[in-house]
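One structure is given here, and the rest of the page talks about it.
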Amino acid sequence: MIYNTLSGRIEEFKPLEEGVVRLYTCGPTVYDYAHIGNFRSYVAEDLLKRFLKFLGYRVIHVMNITDVDDKTIAGARTEGITLKEFTRKYEKAFFEDIETLRLDKADYYPRATEHVEDMIKIIQGLLEKGFAYEKDGSIYYRIAAFPEYGKLSKIKKEELKAGVRIDSDEYEKEDVRDFALWKAHKPGEPSWKAPFGEGRPGWHIECSAMSMKYLGPTLDIHAGGVDNIFPHHENEIAQSEAYTGKTFVRYWFHVQHLIVNGEKMSKSKGNFYTLRDLLAMGFSPRAIRYLLLTTHYRKVLNFTFDALYQATASLKRITDFLFELETRKFSEGESEEASRMIEKTRDDFTEALADDLNISGAMAAVFEMIHWGNKAMEEGVIKKRDAERIKSLFYDLDRVLAVLPERIIEELPDDIMALIKKREEARKNRDFATADRIRDELFQRGIVLEDTKDGTRWKVIKD
Ligand code: AMP
Ligand code: ZN
């Protein structure tokens, strides 16, 4: 079940082709580092994609890279380098960031500049069908020719005029509502040759061209932030459906904004943190992902440092639990109660996410298991095989959440392991002064020791 912006309702999800989901997500404009508001959208889309894969779907995923537009052209000019040099720098940063945040890799990351031919083909088709017209070397989409315009955003065509920003370059349009498919060449700007004149594409056409090229005329899911609904996605529908005569997108998935002090986080307001800013402050990538992930995608996410500390703490509760499962000595065997809990956790988690990605419900299932498990460990209910199965369950659910560390017990450098050994020897010889001195030294280095009846355990305190 998933909310579809087009119908305004939660609908049953059924892809066009059984078992395969064709997913397109609007990607970054590579003119600067992406901020965590952008990543809120990408992380929510990642949850959707990972959950579909968890359910067994094959997902074909395309995310575009906008590497030519007003902002990239202006940026390259300011730095005195070519558009390609400029955009590749931020594209590289973006790929590093998505790896840091563990966003599942798309199958294709098409660049706008490498698909201009595909865009030209569609514009040409729209001209031929009367959905587009030329004015002073630019090509505009004729909204009046597409009666369904407004069906996604529910914007009434008649009301459009008032709110629309009128670009002084575009005063020649038949109608102020019409948007540019192709912008006539201006000196100093990159341009491409086309049958209808030299120029460069408008922004909206790239998503129509690149999504249909890799996924076909009809996509199952098209995703983006809510600010994309109008005009970007409305325009994509108009272009694509006028061109193919087919339904462009079956489910529209839109992510609410991340806000700071009541305002949308955005470059232009200057109220933003990049991922790199937060990492430099010492927050872990996994905690940042946890924060962005755990608010339902259709609710506004209010960014505060308090919330980030809370995310860090919640994540620590999960890893502490896994640490106990990893390091305690359990008695042989398995218990029925644990089996029941494992099954219940998996079912509750899956059911919650299947209900329009109810992440709060899914996390509640996880924490219910932890709550039960901590108590059950104390009471000796959990047996050796249960501990193994609970750990596997968590790593299985982490195919969707992607917040767990790769190893619960970190491998410590040799010199630290040597110190831990030396301290154990000191304790055996009842030389407690030396043992305590080593414990303090390790603490300074971020390692906490805990002596249990089964031996000494250690934890690395970071995150
Ligand atoms: P842009 O690079 O501005 O085209 O934005 C890339 C993606 O980030 C789009 O899907 C936007 O909708 C999304 N986005 C931008 N700002 C925010 C925000 N504050 N919260 C959530 N998503 C955002
Ligand atoms: Zn787009």
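First listed ligand is number 1; within each ligand, the first listed atom is number 1. Every value quoted in this text rests on a predicted model; they were computed, and no experiment measured them. Quick note: numbers below take in every heavy atom, side chains included, and nothing from hydrogens, waters or symmetry partners.
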Contact summary for L401 and L293, nearest pair of heavy atoms: O-CD2, 3.6 Å
G37 neighbourhood, listing ligand 1 atoms whose heavy-atom distance to it stays under 4.0 Å: 17 (C), 18 (C), 19 (N), 20 (N), 21 (C), 22 (N), 23 (C)
Within-cut-off N or O pair, S41 and ligand 1, under 3.5 Å: yes
For the student: nearest non-hydrogen atoms of A287 and L308, plus distance: O-CD1, 4.0 Å
Partners passing side-chain hydrogen bond (donor to acceptor under 3.5 Å, both in side chains) against E117 (at least two apart in sequence or in another chain): none
F367 six-ring centre to R317 NZ/CZ under 6.0 Å and within 45° of normal: no
Y42 near ligand 1 by a heavy-atom separation under 4.0 Å: yes
Where ligand 1 meets T29 - atom numbers and elements under 4.0 angstrom, heavy-atom basis: 2 (O), 4 (O)
Sequence-distant partners of W252, ring-ring contact (aromatic ring centres under 6.0 Å, His included), two or more places apart: H222, H233, H254
Contact (N/O only, under 3.5 Å) between V226 and ligand 1: no
Heteroatom distance test (N38, ligand 1): nitrogen or oxygen, under 3.5 angstrom: yes
Pairing of E241 and K246 as salt bridge, 4.0 angstrom limit: no
For atom 16 (N) of ligand 1, the protein heavy atom that lies nearest, with its residue and separation: K264 CE, 3.4 Å
Cation-pi check, K135 onto Y140 ring (under 6.0 Å, within 45° of axis): no
Part of H35 with heavy atoms under 4.0 Å of ligand 1, whether side chain, backbone, both or neither: side chain
L258, any N or O under 3.5 Å of ligand 1 N or O: yes
Residues V68, W192; criterion side chain to side chain contact (heavy atoms under 4.5 Å, CB included); working and verdict: CA-CA 12 Å; V68 56; W192 286 261; 4.2 Å; yes
Any N or O of D227 closer than 3.5 Å to N or O of ligand 1: yes
Ligand 1 N/O within reach of N228 N/O, cut-off under 3.5 Å: yes
Short N or O distance, G224 and ligand 1, threshold 3.5 Å exclusive: no
N/O separation below 3.5 Å, M265 to ligand 1: yes
Residue pair K183, E189: steps toward the salt bridge (Lys or Arg N to Asp or Glu O under 4.0 Å) verdict: CA-CA 11 Å; K183 299 185 173 186; E189 281 194 359; over 6 Å; no
From OG1 (T25) to CD1 (I221), nearest 0.5 Å: 10.5 Å
Just distance, no hydrogens or angles: give the donor-acceptor pairs under 3.5 Å from side chains in residues 89-96, sequence neighbours left out.
| unit_1 | atom_1 | unit_2 | atom_2 | d |
| --- | --- | --- | --- | --- |
| K89 | NZ | E79 | OE1 | 3.2 |
| E91 | OE1 | R111 | NE | 2.8 |
| E91 | OE2 | R111 | NE | 3.4 |
| E91 | OE2 | R111 | NH2 | 2.9 |
| K92 | NZ | E96 | OE2 | 3.2 |
| E96 | OE1 | R276 | NH2 | 3.0 |

Closest heavy-atom pair and its distance - A242, Y141: CB-OH, 3.4 Å
Under 2.8 Å from the Zn ion (ligand 2) - protein N/O/S, by chain and number: C26 SG, C207 SG, H232 NE2
